[in-house]
Asker: 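I have a structure here, written as structure tokens, and I will follow up with some questions on it.
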Amino acid sequence: MIPQDFIQQLLARVDIVDVVDRRVKLKKAGQNYSACCPFHSEKTPSFSVSPTKQFYHCFGCGAHGTAISFLMEYNGMGFREAVQELAEGVGMTLPVEANREQSLEKARVSASLAEVMSAAMQFYRRALKDSPAAIDYLKSRGLTGEIAAKFALGYAPDAWQGLKAAVEDYTSSALKDCGLVVDSDEGRRYDRFRDRVMFPILDQRGNVIGFGGRVIGNGEPKYLNSPETPLFEKGRELYGLFHARRAIRDYSTVIVVEGYMDVVALAQAGVENVVATLGTATTPMHVEKLLTLADNLVFCFDGDKAGQRAAWRALEQTLPIVRDGKDVRFLFLPAEDDPDTFVRRLGKDAFLAEVKNAKPLSLFLLDELRTQVDAASDEGRARLMTLAKPLIGQVRAPALALMLRRKLADEIGLSVIEIERVVPLSPQVGNIGNGSSANPAGASTVGGRANRADAADWGKSKTDKPFLRKKGPEAGAPAPRIKLPPASRPVLAISRMLVRPKLANVFDLSVEGEDETALGAAFRVATYIRDHDGENINQAMIVEHFRPTPDWIFVNQASLLLTEVDIDRLDLDTEFAETLARLRADAAAAAKRADEVRRARDLGLS
């Protein structure tokens with residue numbers, strides 16, 4: 001875990017305007033800066049960045065946060081990655097915790113392996129220029145030199161120790177740790193990749209972490225991938241994501257295909273929001289990452305039996321993770337085609353037409369189950385219910401869970417109530433009415449707070465799920481303001497302390513023990529600000545301090561409230577004093593009621 005004091009120091013040095021402007025061109029708009037939102041398509045700017053609050057907010061789609069959360073969403077990074085990138089930009093070194101020596105050694109190893117992988121990529125790229133056979137192969141697949149350069153394609157020579165020309169020490173353990181060489185039982189070392197077109201696999205920061213090699217000719221295996229290494233974990237990474245991020249954001253859609261060549265061919269045809277799994281079935285981590293980046297996820301598989309099996313595995317991984325408001329679909333191309341051959345044969349528009357007509361998750365689920373039963377008989381319909389029960393039972397998205405039960409009821413000829421007796425709603429399914437959805441598989445909540453009725457819509461980190469996010473208005477349409485739920489008085493007090501930290505000095509209410517209410521959060525916010533008096537603390541620093549705590553629910557809600565008012569026109573001192581007065585009155589009334597209940601209990605009246 002990164003120390004909080006380091007995050008505070010980092011945010012004190014970082015200017016969010018610079019961070020955003022390097023990625024999205026900002027224009028001065030009064031005291032703030034504005035731009036068209038990078039997280040949804042629009043023509044009228046609704047994205048605002050405040051240099052005083054060190055905060056950004058989009059009035060169209062609801063995206064908001066600090067410099068850290070901006071990098072997390074814009075680049076699809078994790079929290080630690082975002083902090084590290086910001087730290088490197090201002091010359092700070094990420095602190096090492098726990099076992100310092102072990103962590104330092106791990107960092108040194110990773111840096112060493114990254115250098116080896118980069119050297120190997122450059123070697124393969126140079127070798128491609130000297131291999132007419134490899135160039136002819138790529139041309140035969142319809143690829144141009146421009147697209148090959150964009151994806152840094154290369155060639156591994158048909159030599160046992162070709163990488164000797166790429167590194168100073170071919171006997172180095174780093175080569176094996178990277179998965180670039182193999183040591184035989186006889187102690188002889190040789191290159192893992194030989195006579196193959198090479199596809200570098202990049203992480204989200206553009207670093208080479210692995211390779212995929214496609215054999216030239218009819219050799220086996222057709223595709224050979226890097227093994228699991230300290231840099232590369234197949235179940236987490238996606239080929240092409242580094243290049244596809246911008247298009248994924250622009251269209252709020254990501255298309256998942258099976259092969260490296262599919263990604264490159266589609267990109268050349270102008271379909272750039274495409275990624276591929278890395279020689280492995282779709283994993284929950286893949287699905288979670290993609291649904292964080294886009295509202296629409298399309299799995300595109302070959303129409304053969306292998307493609308059907310891969311699609312079903314993807315569906316099984318998606319069911320516990322998909323959330324209401326996310327659209328997951330499945331596209332099956334003709335049996336004789338894969339995305340590469342299809343787009344080369346029929347073009348971009350034909351492929352996008354197929355994407356548009358992809359089968360929704362709910363329809364694919366029931367269609368596949370229907371093929372396994374005789375739906376015309378009672379026994380077949382009972383079998384259908386038996387097959388559907390464990391699958392639908394995994395769905396934690398409230399609205400989708402209900403819709404799937406309705407579809408199953410219609411299919412079988414029973415009522416939804418009767419279906420519910422057999423396939424009860426999971427206890428992890430949220431309440432449709434409050435707009436919440438369950439946590440993704442593997443996600444955690446702190447003290448059960450995420451499921452509280454008064455906090456259901458608040459405090460969801462962008463690494464968990466979108467926060468009051470929607471696709472946003474169509475391009476050219478005015479950006480509507482998102483209507484926020486009414487805030488409690490403690491949350492109102494927090495919001496005012498965020499924008500004017502000195503107000504914390506007059507916050508004189510106290511709480512008992514580990515008070516998990518909004519008032520308890522307001523007390524801890526005031527205490528934190530007072531403890532950091534004189535350190536030029538700002539809204540972003542306060543918000544990030546409380547991110548890993550249960551109080552994030554209320555602090556995050558408070559930060560959003562600030563987007564709904566013109567702070568400069570408010571008499572914050574008077575308003576805050578009035579809020580405190582009401583809170584004191586509420587506390588007095590609550591104490592009086594508690595005392596009455598206690599006395600009644602002592603008298604045996606209750």
Asker: Do the rings of Phe47 and Phe39 sit parallel, tilted or perpendicular, given the 30° and 60° boundaries?
Answerer: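 Plane angle over 60°, so perpendicular.
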Asker: Please report the closest heavy-atom contact between Ser48 and Phe59, naming both atoms and the distance.
Answerer: CB-CE1, 4.2 Å
Asker: Taking C-beta and beyond as the side chain, do Phe299 and Val328 meet within less than 4.5 Å on heavy atoms?
Answerer: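 With C-beta onward as the side chain, the pair touches.
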Asker: Report the residues that fulfil ring-ring contact (aromatic ring centres under 6.0 Å, His included) with Phe151, sequence neighbours left out, ordered by chain and then residue number.
Answerer: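 Once residues adjacent in sequence are excluded, the partners of Phe151 under the ring-ring contact (aromatic ring centres under 6.0 Å, His included) criterion are His243.
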Asker: Is there a donor-acceptor pair closer than 3.5 Å between any side-chain N or O of Glu42 and the backbone N or O of Cys37?
Answerer: yes
Asker: Nearest heavy-atom pair of Thr549 and Phe546: which atoms, and what distance?
Answerer: OG1-O, 2.8 Å
Asker: Which donor-acceptor pairs under 3.5 Å do side chains of residues 258-265 form with protein atoms, sequence neighbours excluded?
Answerer:
unit_1, atom_1, unit_2, atom_2, d
Glu258, OE2, Asp302, N, 3.3
Tyr260, OH, Asn225, OD1, 2.4
Asp262, OD1, Asp340, N, 3.1
Asp262, OD2, Gly259, N, 3.2

Asker: How long is the straight-line distance from NZ of Lys234 back to OG of Ser226, given to the nearest 0.5 Å?
Answerer: 8.0 Å
Asker: What distance do Leu400 atom CG and Lys407 atom NZ have between them, rounded to the nearest 0.5 Å?
Answerer: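 The CG atom of Leu400 sits 10.0 Å away from the NZ atom of Lys407.
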Asker: So, Lys348 side chain and Val271 main chain: donor-acceptor pair closer than 3.5 Å or not?
Answerer: no
Asker: Is it the case that atom NZ in Lys150 sees more than 12 heavy atoms from other parts of the structure closer than 6.0 Å?
Answerer: yes
Asker: With sequence neighbours left out, write down each residue that passes ring-ring contact (aromatic ring centres under 6.0 Å, His included) with Tyr74, or none if nothing qualifies.
Answerer: Phe70
Asker: Tell me whether the rings of Tyr223 and Phe199 are parallel (<30°), tilted (30 to 60°) or perpendicular (>60°).
Answerer: tilted
Asker: Look only at the side chain of Gln268 and the backbone of Thr144, and say whether a donor-acceptor pair between them is shorter than 3.5 Å.
Answerer: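 Flag set: sc Gln268 to bb Thr144 pair under 3.5 Å.
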Asker: Of all residues at least two apart in sequence or in a different chain, which pass the side-chain contact (heavy atoms from CB on, under 4.5 Å) check with Asp374?
Answerer: Ala376, Ser377
Asker: Run the salt-bridge test on Glu288 and Arg323 with the 4.0 Å N-O cut-off and return the result as yes or no.
Answerer: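 So Glu288 pairs with Arg323 through a salt bridge.
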Asker: Could you report the tightest heavy-atom contact between Gly213 and Phe193, atom names first, then the distance?
Answerer: N-CE2, 4.1 Å
Asker: Could you tell me whether a side-chain N or O of Glu354 sits under 3.5 Å from a main-chain N or O of Ala350, the two making a donor and an acceptor?
Answerer: no
Asker: What heavy-atom pair brings Val275 and Ala244 nearest, and what distance separates the two atoms?
Answerer: CG1-CB, 4.2 Å
Asker: Roughly how far, to the nearest 0.5 Å, is CG of Asp378 from CZ of Arg381?
Answerer: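 Answer for the CZ-CG pair, Arg381 versus Asp378, is 4.5 Å.
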Asker: How many angstroms lie between CE in Met385 and CD1 in Ile412, if you round to the nearest 0.5 Å?
Answerer: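 Spacing of CE (Met385) from CD1 (Ile412) equals 3.5 Å.
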Asker: Residues two or more places apart in sequence or in another chain: which of them pass ring-ring contact (aromatic ring centres under 6.0 Å, His included) with Phe332?
Answerer: Phe364
Asker: Which heavy atom of Val254 sits nearest to which heavy atom of Ile248, and what is that distance?
Answerer: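 Nearest pair, atom of Val254 first, then Ile248: CG2-CD1, 3.7 Å.
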Asker: Using distance only, find each side-chain donor-acceptor pair of residues 312-320 under 3.5 Å and give its atom names and separation, not counting sequence neighbours.
Answerer:
unit_1, atom_1, unit_2, atom_2, d
Trp312, NE1, Glu316, OE2, 3.2
Thr318, OG1, Ala314, O, 2.7

Asker: For Arg309, what residues pass the side chain to side chain donor-acceptor pair (under 3.5 Å) criterion, not counting sequence neighbours?
Answerer: none
Asker: Taking only residues two or more places apart in sequence, or in another chain, which ones meet Arg245 in a side-chain contact (heavy atoms from CB on, under 4.5 Å)?
Answerer: Asn75, Leu241, Phe242, Arg249
Asker: Under 6.0 Å from the CZ atom of Arg236, do we count more than 12 heavy atoms belonging to anything else shown?
Answerer: no
Asker: What residues, two or more places apart in sequence or in another chain, satisfy side chain to side chain donor-acceptor pair (under 3.5 Å) together with Glu411?
Answerer: Arg370
Asker: Is there a side-chain contact between Leu297 and Lys326, using heavy atoms and a 4.5 Å cut-off?
Answerer: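 Counting from C-beta outward, Leu297 and Lys326 never come under 4.5 Å.
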Asker: Which residues satisfy the side chain to side chain donor-acceptor pair (under 3.5 Å) test with Asn273, sequence neighbours excluded?
Answerer: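 Checked Asn273 against side chain to side chain donor-acceptor pair (under 3.5 Å); zero matches.
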Asker: Just grab all the ring pair (Phe, Tyr, Trp, His ring centres under 6.0 Å) pairs involving residues 201-221, residues at least two apart or on different chains.
Answerer: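 Ring pair (Phe, Tyr, Trp, His ring centres under 6.0 Å) check on residues 201-221 returns Tyr124-Phe211.
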Asker: Can you sort out the partners of Asp327 under side-chain contact (heavy atoms from CB on, under 4.5 Å), two or more places apart, ordered by chain and number?
Answerer: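 Listed in chain order: Asn296, Arg329.
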Asker: So do the side chains of Thr277 and Leu238 get within less than 4.5 Å of each other, counting heavy atoms only?
Answerer: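 Heavy-atom side-chain distance check passes, below 4.5 Å.
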Asker: Any heavy-atom pair between the side chains of His57 and Ser559 that's under 4.5 Å?
Answerer: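 No, too far: nothing below the 4.5 Å cut-off.
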Asker: Which is it for Val83 and Arg80 under the side-chain contact (heavy atoms from CB on, under 4.5 Å) test, yes or no, and what are the steps along the way?
Answerer: CA-CA 5 Å; Val83 170; Arg80 187 178 186 86; 5.7 Å; no
Asker: Shortest non-hydrogen contact from Arg196 to Lys222?
Answerer: NH1-O, 3.2 Å
Asker: Taking side chain as C-beta onward, heavy atoms only, is Asp324 less than 4.5 Å from Pro398?
Answerer: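 Heavy-atom side-chain distance check passes, below 4.5 Å.
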Asker: Atom CD in Gln84, atom CG in Leu71: separation rounded to 0.5 Å?
Answerer: 12.0 Å
Asker: Within the 4.5 Å heavy-atom criterion, are Ile553 and Gln557 side-chain neighbours or not?
Answerer: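 Not in contact.
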Asker: For Lys359, is there an ion pair with Glu368 - N to carboxylate O distance below 4.0 angstrom?
Answerer: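 Between Lys359 and Glu368 there is no salt bridge, as every charged N stays at least 4.0 Å from the carboxylate O atoms.
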Asker: Distance check, rounded to the nearest 0.5 Å: Ile147 atom CD1 versus Arg141 atom CZ?
Answerer: 14.0 Å
